Protein chains: 6
Amino acid sequence: MKIKIINPNTSTDMTRSIGAAARRYARPETEIVTVSPERGPITIEDHYDEVLAAVGAMEEVKKGLSEGFDGYIIACFGDTGLYACRELAEAPVVGIAEASFLMACMLGYKFSILSILSRFKTAMEDLVKGYGLESRCTSVRCTDVAVLDFEKDKKKAKDALLKAGRKAIEEDGAEVLCLGCAGMLELDEELEKELKVPVIDPVAAAVKMIEGIIDYGKKTSKISTFQPPVIKEIKGYPKTLQL
Amino acid sequence: MKIKIINPNTSTDMTRSIGAAARRYARPETEIVTVSPERGPITIEDHYDEVLAAVGAMEEVKKGLSEGFDGYIIACFGDTGLYACRELAEAPVVGIAEASFLMACMLGYKFSILSILSRFKTAMEDLVKGYGLESRCTSVRCTDVAVLDFEKDKKKAKDALLKAGRKAIEEDGAEVLCLGCAGMLELDEELEKELKVPVIDPVAAAVKMIEGIIDYGKKTSKISTFQPPVIKEIKGYPKTLQL
Amino acid sequence: MKIKIINPNTSTDMTRSIGAAARRYARPETEIVTVSPERGPITIEDHYDEVLAAVGAMEEVKKGLSEGFDGYIIACFGDTGLYACRELAEAPVVGIAEASFLMACMLGYKFSILSILSRFKTAMEDLVKGYGLESRCTSVRCTDVAVLDFEKDKKKAKDALLKAGRKAIEEDGAEVLCLGCAGMLELDEELEKELKVPVIDPVAAAVKMIEGIIDYGKKTSKISTFQPPVIKEIKGYPKTLQL
Amino acid sequence: MKIKIINPNTSTDMTRSIGAAARRYARPETEIVTVSPERGPITIEDHYDEVLAAVGAMEEVKKGLSEGFDGYIIACFGDTGLYACRELAEAPVVGIAEASFLMACMLGYKFSILSILSRFKTAMEDLVKGYGLESRCTSVRCTDVAVLDFEKDKKKAKDALLKAGRKAIEEDGAEVLCLGCAGMLELDEELEKELKVPVIDPVAAAVKMIEGIIDYGKKTSKISTFQPPVIKEIKGYPKTLQL
Amino acid sequence: MKIKIINPNTSTDMTRSIGAAARRYARPETEIVTVSPERGPITIEDHYDEVLAAVGAMEEVKKGLSEGFDGYIIACFGDTGLYACRELAEAPVVGIAEASFLMACMLGYKFSILSILSRFKTAMEDLVKGYGLESRCTSVRCTDVAVLDFEKDKKKAKDALLKAGRKAIEEDGAEVLCLGCAGMLELDEELEKELKVPVIDPVAAAVKMIEGIIDYGKKTSKISTFQPPVIKEIKGYPKTLQL
Amino acid sequence: MKIKIINPNTSTDMTRSIGAAARRYARPETEIVTVSPERGPITIEDHYDEVLAAVGAMEEVKKGLSEGFDGYIIACFGDTGLYACRELAEAPVVGIAEASFLMACMLGYKFSILSILSRFKTAMEDLVKGYGLESRCTSVRCTDVAVLDFEKDKKKAKDALLKAGRKAIEEDGAEVLCLGCAGMLELDEELEKELKVPVIDPVAAAVKMIEGIIDYGKKTSKISTFQPPVIKEIKGYPKTLQL
């Protein structure tokens, strides 16, 4: 089985971390290919970034169509461009936020999201609402550490997440925590050891989910929401984005 | 007052219709500028189109920042890229779907959306849910006429909408109808005459809403969700999209 | 365009303030007529007051039918008697609470209501739920200053609202604030200056909303919920309330 | 135990029917007093009627305060003025719609309302939503027989209700039916015999509910929503409505 | 009228307390029979206990079918096995939690549950959601006193409940409190005296509710959800549980 | 990896089918052990059956604790006793309904449940609501074929499901179908071929979900809802159910 994991931002460092996290939990026979798109922002921290990054994610799924992939993972916690990507492929496409929420639902009754930037709170709540999981997600707890700082100062990142996680457990009744960012290698295990609740690395969750879906032979439903995009004139975009 | 109306697709015919509809209802002293972006699909019929079109909409708002606009309207019924555009400007940014829903709420208790393509049903429901209006929107009724055919065969378009509108009224209890497409010049009045309920042209609704907001001097809240985008490296996009 | 603004309580001082607020934001060509009813309580602070005041509001809409008004505003933050008034007129009828909520929805994702009396909290929540906006309204924050004291001690009123507003922003994530009372002239601007988020005077919002609706030529849907009242015997009420 | 049942409309015929229904199911030791107010519409068929009738209901609760009643029932299916009446009394006040919904919840999972006029559909849905029971109420099924015709042509009324009830059961999955009108003496039993599901006369339900509440010695909570009305100047209303 | 109250746990002490509470509020002519099942846990503190106790409750309802009961009460605040018991009998079956919630709805707008163990919080929230009352229940406040300790140290129990009740009122806006446990004899009155809001003993509420239902002659709807169990082979259970 | 699949009913035929379905999709290295409990009903068709079957399921999880299992699957579409079983084990416990719903969420926007008996409709809706997925599940479509008849007449079963599935797709907008019964070997593939949407065998979904969870090393959260059952006196149950 061959899975393409698309980090929708252009930070190749983060792509490497995502790849490492994915391979750590993938089954030996699963081939993981990790990419970041040619175009897009170096991190995704607002709606503006998200749109630009979605284009890159779509481009990578399109390229993937001729590369024999069995499934795709969108590896940004906003599930950037997920529905558009799902239209492009017949193979399943899984978002890492979505996957982590769904796995959390099987491990406890209420989960919380540990997000990085507080301005993302509404976007996270919106995402959860879009998936219909608002009664399962008890809170979005935010640290205020910039995305790239997470890479630089792992200790500070971990401390901020520990603090947010404790509040989620004690004040919001969280039973499971979803790490709201890709590329937080091994942080799930470290937090889990201290907080004594399951802590989900969304990349790991997405890998396990898509392995299961592919094993079972299921593909995206093409009957309405995710029909292939209609072929038409598209101006000002490179050939790789023409249908 | 100077308003920039952005048709996020690249059909200049539709941009002209949107402009005509907007000017028909704008106050005499309101200056309407209508554009379609340089880049993007010629119509917006799926999530894929929507992402590509959102980039164009963002680009046009960015350009507008130095052109002295008092407000922006995103003139596609998916409110394409609305939240990203709202981050870019201090001036208010209104989506035509949003505006039509909110106006409908003041004219009757339940409204329906008359949408064109049935594959858009879920996207429409999602949009309504994102705005929190699911208890006010009683149905999304779809015709199955392609977007560009609406331009070509006005008679067929009108008949399809009349049929969908009647079902919305009789079977779903709709009291107000929102036309789910931009550029349907005068169709609101024609349908209203036959169906005896308010029929809202979303472009008209958006023009009236933003005129009111600008008159009152209100601007987008910049405290959390719609903070300006964070400045960062963005690869593979033209200068017009760099922050 | 000629708009009748009905202050459903019998405080002529408040009616004057409402008129001043309305004229401050109305367009020059909009003619504003402000009235308080002959019958009703001097302030509206509970459900009992609200019923008595609704009768007065209805009476004023009825009178208005022969006075050539293009629209009506119910200028009490409980939207007192709004649905009954909507039945009476063909012209649009807008409640100030409703108008402020809907405008808030276009300026930020989450809004809070700054209400005066804490016993009104449930009534406010109920109002929001009736409009289906519970996912957009993040909190109702109450001061405990009596309605008429607001008139007397503007400084104390402002301080109480500032405190409540700050809590709404910091603890509840409010991005826009709706002032939950009519007649708070200029308070919106003063609070906005200090709190750095849009603060909406509901009278101003209602004026802008109804100007837009009238401009666009839309009227209340008469197909079901807001059909005209059925003519029948009504005992014990003056002629002005007979149908 | 002495209960005052207030028929908020001024039809003394209906008041008599309500009294008969109430006495039929009241316990022998329960004293039932039935009144219609001096002021108000002869039937309640729209929001306009409802406001006028609420005043009458309030007046009757106020009178009751010195007449030694242990509880009050508002006997109109819109629960007209219920919250205002609850403010007035320390003794419990029960609405017949509310009581029928709550009893239905103990007899089956989903209930439907059999309402008379189709224009009441939204008002009924709003009432159910206000009580938070939208997931238990599967439909509001309407006949289109005018309220007073129900009195005149019992056969026609019954047939219309049978038809609506059957649809509720077969198409909406209703397991219990709430008769959406007061004064439908014995109709509950007749419909129940034919439809084979519990059919609730709302007056009967309210009598049983309030008997239970009074027996248990419970009174309305006065801590916030239903605090007594604030004493103040009230213009244009008779002495019986002054606080 | 003859009512069987089933304490689903096997603590005969608690059964005695439940009986005392029930008789305290039952009408003189109501015959109360209180039992605990032969099989089951001595207290119900988790889902595991709940399943085992549900079997006992079912067994007691089955026995009751030949003993001439007019109704059944499931006297554990989890409403253990309620829906299964409702399938067995034609006579009404009421859960004490359900009854207390529904009575609370008529006494105030928002109620809170005072529960014992904090691990029950989710189960309580789930119960409330199952009944569709999530918008009426403002919080589940937990003490952390073990169920059997409530019997032993009444003073400590009362203090813990007072503290939880105060928080529910002051922080969550509760207007009515439901005691989340059976067998708390007289505690409702004591708490009510100090907290100044209605405090509901769920056993008392259930007795009043079922007396009302039986008086009115209503029975469980047998049309779908609560049809009698299908007769079939059942292995490993005693004769008393065979259908 | 060693997984215990518990068919909570006592039909060994069905247990065999479940085992076959599970092994068909399990990875080669996954060891599947399938059991039915010693005690319980031969099929699960009502709430009564469900309680009796839950005891058996719990017993089998308890036994499993000393048998070295890495995870448990509850293989009845009501997820019988799931929360109680989750309390018992540290290893993950997955219900087949839950697993099928969550997988459906990644393959399309709206799913429908194809259930067997129409009396199960409410129970299914309740299950979906308990998981918080009501906005994703567009309908529960029921055939009226008895559970054991499914085994006997595969052709009739398939036709009934095809018909229900078609309605779900055409009338309710379902994009994915969840088969609402265990032991329907190969039916997923046959239906999928004809209906052109993903059809999920819940046993297959559960196997893939739990393989993923175990691979990732996650276990049930023990911090609140699913803490181990409290040890206590349990009467009338065999030793295998004592804690």
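All values reported here derive from a predicted model rather than from experimental measurement. Naming: A, B, ... by sequence-line order, numbering from 1 per chain.
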(message) Looking at chain D, which one of E:V93, E:V94, E:I213 has the largest number of heavy-atom pairs inside 4.5 Å, strictly under?
(response)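 Most heavy-atom pairs within the cutoff with chain D belong to E:I213.
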
(message) Counting heavy-atom pairs closer than 4.5 Å to chain D, which one of E:L82, E:L102, E:L133 comes out on top?
(response)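 With the most close heavy-atom pairs to chain D, the winner is E:L102.
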
(request) Applying ring-ring contact (aromatic ring centres under 6.0 Å, His included), name anything that partners D:F77, two or more places apart in sequence or on another chain. (result)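 Expected list: D:F101.
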
(request) Sort E:V207 into side chain, backbone, both or neither according to what part of it lies under 4.5 angstrom from a heavy atom of chain D. (result)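 Neither part, no heavy atoms under 4.5 Å.
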
(request) Please state whether the side chain, the backbone, both or neither of E:A174 comes within less than 4.5 Å of a heavy atom of chain D. (result)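 Backbone only.
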
Can you list the donor-acceptor atom pairs spanning chain E and chain D that come in under 3.5 angstrom?
| from | atom 1 | to | atom 2 | distance (Å) |
| --- | --- | --- | --- | --- |
| E:R86 | NH2 | D:M106 | O | 3.3 |
| E:M106 | O | D:R86 | NH2 | 3.3 |
| E:L107 | O | D:S221 | N | 2.8 |
| E:Y109 | OH | D:G130 | O | 2.8 |
| E:G130 | O | D:Y109 | OH | 2.8 |
| E:Y131 | O | D:R136 | NH1 | 3.1 |
| E:R136 | NH1 | D:Y131 | O | 3.1 |
| E:E175 | O | D:S221 | OG | 2.6 |
| E:E175 | OE1 | D:T225 | OG1 | 3.1 |
| E:E175 | OE2 | D:T225 | OG1 | 2.6 |
| E:D188 | OD2 | D:Y216 | OH | 2.6 |
| E:E192 | OE1 | D:K218 | NZ | 2.4 |
| E:V199 | O | D:K218 | NZ | 2.6 |
| E:D201 | N | D:Y216 | OH | 2.7 |
| E:K208 | NZ | D:D215 | OD2 | 2.6 |
| E:D215 | OD2 | D:K208 | NZ | 2.7 |
| E:Y216 | OH | D:D188 | OD2 | 2.6 |
| E:Y216 | OH | D:D201 | N | 2.7 |
| E:K218 | NZ | D:E192 | OE1 | 2.4 |
| E:K218 | NZ | D:V199 | O | 2.6 |
| E:S221 | N | D:L107 | O | 2.8 |
| E:S221 | OG | D:E175 | O | 2.6 |
| E:T225 | OG1 | D:E175 | OE1 | 3.1 |
| E:T225 | OG1 | D:E175 | OE2 | 2.6 |

(message) Please find the pair of heavy atoms, one from E:L195 and one from D:I223, that lie closest to each other, and give the distance.
(response) O-CD1, 4.4 Å

(request) Measure the CD1-CE distance between D:I210 and E:M106 for me, rounded to the nearest 0.5 Å. (result) 9.0 Å

